[in-house]
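Each chain gets a letter, A, B and so on, in the order the sequences are listed, and its residues count up from 1. The analysis underlying the following values was restricted to heavy atoms, covering all of them including side chains, and did not include hydrogens, waters or symmetry mates.
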Amino acid sequence: MNKEVRVRFPPSPTGYLHIGGARTAIANWLFARRHGGKLILRIEDTDAERSTKESIKGIIDGMKWLGLDWDEGPYFQTAFTAAHRTAAERLLASGKAYKCFCTREELEAKREAALTAKQTHVGYDGHCRDLAQEQIAAFEAENRPFVVRFKVPPEGEVGYVDKVLGRIARPCNEIEDFVIVRSNGKPLYLLCNVVDDIRDRISHIIRGQDHMTNTLRQILLYQALNAPVPVFAHMPLTLDLKKAKISKRSHGEIVAVQFYRDHGFIPWALVNFLVLLGWNPGDDREIFSKEELIEAFSLERINKSNSIFNYRQGDPKFFTDPKAININGHYLRTMPVEDIAAMVKNELVKDGLWHEAFDGDRKGWYLKTIDMLRERFYTTRDFVTAGRAFFADDFEIEEKALKKNVLKHPDLVKWLPMLADRLEATNEITPEKAEAVARGLAEELGIKMGIPVNAARALITGRIKGPSMFELFAHFDRDTVLKRLRRVGRIFEAAS
RNA sequence: GGCCCCUUCGUCUAGUGGUUAGGACGUCGGCCUCUCACGCCGGUAACACGGGUUCGAGUCCCGUAGGGGUCACCA
């Protein structure tokens with residue numbers, strides 16, 4: 001049992017990295033790290049028709065963004081076509097595979113016939129399995145096209161113990177002689193995959209349950225090629241609320257890892273969320289550091305049943321699974337503020353709100369701003385949307401704040417400038433002084449302090465909620481505070 | 001349709017014959033308060049169904065229903 005742990009993540013580059021693929025990658029990565037093994041990244045680009053450069057880049061970028069590092073590769077499957085053919089030839093030469101000259105039309109006809117006869121078994125009937133040598137020679141002489149089929153043992157049983165599902169087995173006679181090489185000479189996925197895994201000395205194959213039915217046929221190939229059979233673990237799939245498999249086609253960007261990057265997710269938070277879909281540590285923990293997760297991960301605790309990605313299209317409150325957002329919010333509030341500040345910098349730069357001073361003179365102010373705001377935010381995007389007023393003068397006052405906290409009290413046209421005047425009269429605005437000023441003013445006017453204070457929040461931050469306003473009077477630049485309070489007249493004019 | 005897999009709160013899940021069926025997210029209520037989707041406290045909510053086995057079943061067995069996967073010269 002001291003065999004080296006070698007696992008692989010073999011995406012086919014026909015789209016972006018989606019969360020289902022990411023989950024598989026995460027499981028493999030964690031397993032490799034847990035056991036001091038190696039993770040191999042292998043791009044299965046055999047399907048040249050559908051494989052694209054952008055897709056390869058997208059997958060690699062996604063892996064890197066998530067922080068999933070690999071030890072070997074990326075290898076490209078197309079670089080090993082010679083090996084795939086050699087393997088097929090070996091099987092042919094040793095009588096474990098044979099040439100099948102049946103045409104597609106013939107096979108289709110047989111299939112139809114079997115279906116109409118309501119036969120349960122509609123697989124290949126083994127027509128070419130035992131062709132006479134002369135017959136084969138004759139077909140070859142006339143250059144008749146052929147595929148290579150694997151000769152499934154006529155009796156016995158194939159089986160294995162799945163790390164997730166337990167024992168899986170089937171009698172061989174229920175498995176048809178499957179094609180391993182196309183008539184154009186190109187080996188098929190089933191074969192390539194096995195040949196690659198043997199060459200890469202893969203010890204554990206951790207993949208989605210959609211590959212379950214490939215497994216038995218692949219085991220037959222391992223045996224025929226005299227290679228040790230790896231350990232298999234088939235992870236449950238991730239479905240949508242309607243229990244349909246998530247896919248780019250039907251769900252769009254919401255299932256792309258890149259979507260989360262672009263919407264202010266913290267990479268590790270997404271990893272943390274995804275790993276919880278179909279796995280748990282056996283105790284109540286849900287938030288893990290990288291080290292903790294590696295330590296806790298095991299194939300044995302992967303669930304058998306599919307999980308649902310709880311995303312409702314058009315939900316005004318949650319743009320993706322609420323738990324994912326919650327976990328992201330947790331990391332946003334608890335990570336070192338410098339780390340968050342660095343991520344927010346990217347967002348600010350993207351939106352043209354970044355000032356070099358935030359890395360210089362105003363660094364303290366910048367960090368304080370991040371720290372104040374993050375208590376109520378969920379993504380790093382929130383800083384440039386909900387938090388825009390902290391970084392720019394041209395921000396919108398949200399409708400709710402305007403109506404409820406400003407327009408409702410027309411006298412604010414007088415009160416807010418009064419508040420500004422009194423703040424201006426203090427030589428330095430501190431939270432304590434600001435509070436005293438606000439209380440004093442409210443008392444004199446015989447109004448609740450909340451009225452001018454919340455109106456000030458709307459005018460200064462554009463929002464109906466946020467950090468303590470007294471803190472903010474002191475935090476914002478003095479001129480900004482006064483200027484924004486004195487805008488109240490124009491706000492009323494604009495609204496009338 | 002054949003074969004395979006699965007089935008605990010709305011969602012993610014704990015649970016390996018005896019539990020008031022636990023936690024998290026969501027949701028609802030309260031507290032805090034200048035506001036708030038922070039925080040804290042509390043509530044709501046689940047064993048798909050039917051038969052067995054057993055003193056006793058979410059846990060074991062069988063069946064039914066439902067869901068998923070897969071049945072290519074795609075990967």
To the nearest 0.5 Å, tell me how far A/Q77 CD sits from A/S51 OG. 9.0 Å
Taking the six-membered ring for Trp, are A/F297 and A/W279 closer than 6.0 Å centroid to centroid? yes
Watson-Crick or G-U counterpart of B/C74, or none if no pair lies under 3.5 Å: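 Answer to the pairing question: none, since B/C74 forms no Watson-Crick or G-U pair.
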Looking at B/C40, which nucleotide sits across from it as a Watson-Crick or G-U wobble partner, both distances under 3.5 angstrom, or is there none? B/G30
Please report the distance, rounded to the nearest Å, between CD1 in A/I308 and P in B/C25.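 After rounding, the gap between these two atoms is 20 Å.
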A/Y311 OH - B/C25 P separation (whole Å): 23 Å
Donor-acceptor pair under 3.5 Å: do we get one between A/E286's side chain and the base of B/G23?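 Answer yes: a donor N or O sits under 3.5 Å from an acceptor.
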Whether the side chain of A/S183 and the base of B/C73 hold a donor-acceptor pair under 3.5 Å is what I'd like checked. yes
Among B/G23, B/U27, B/C74, find the nucleotide with the atom closest to the side chain of A/K323.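 For the A/K323 side chain, the nearest candidate turns out to be B/G23.
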Among B/G15, B/C74, B/C5, which nucleotide sits nearest the side chain of A/M212? B/C5
Per the ring pair (Phe, Tyr, Trp, His ring centres under 6.0 Å) rule, which among A/Y331, A/F390, A/F383 passes with A/F377? A/F383
Starting at the 5' end of RNA chain B and moving along, which residue's nearest nucleotide shows up first, A/Y378 or A/H211?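 By nearest-heavy-atom nucleotide position, the 5'-most residue is A/Y378.
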Would A/E157 and A/R167 pass as an ion pair if we require N to O under 4.0 Å? yes
Would you indicate what A/F273 reaches in the nucleic acid, counting non-hydrogen atoms under 4.0 angstrom: base, sugar-phosphate, or nothing?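 Nothing, no nucleic acid heavy atom in range.
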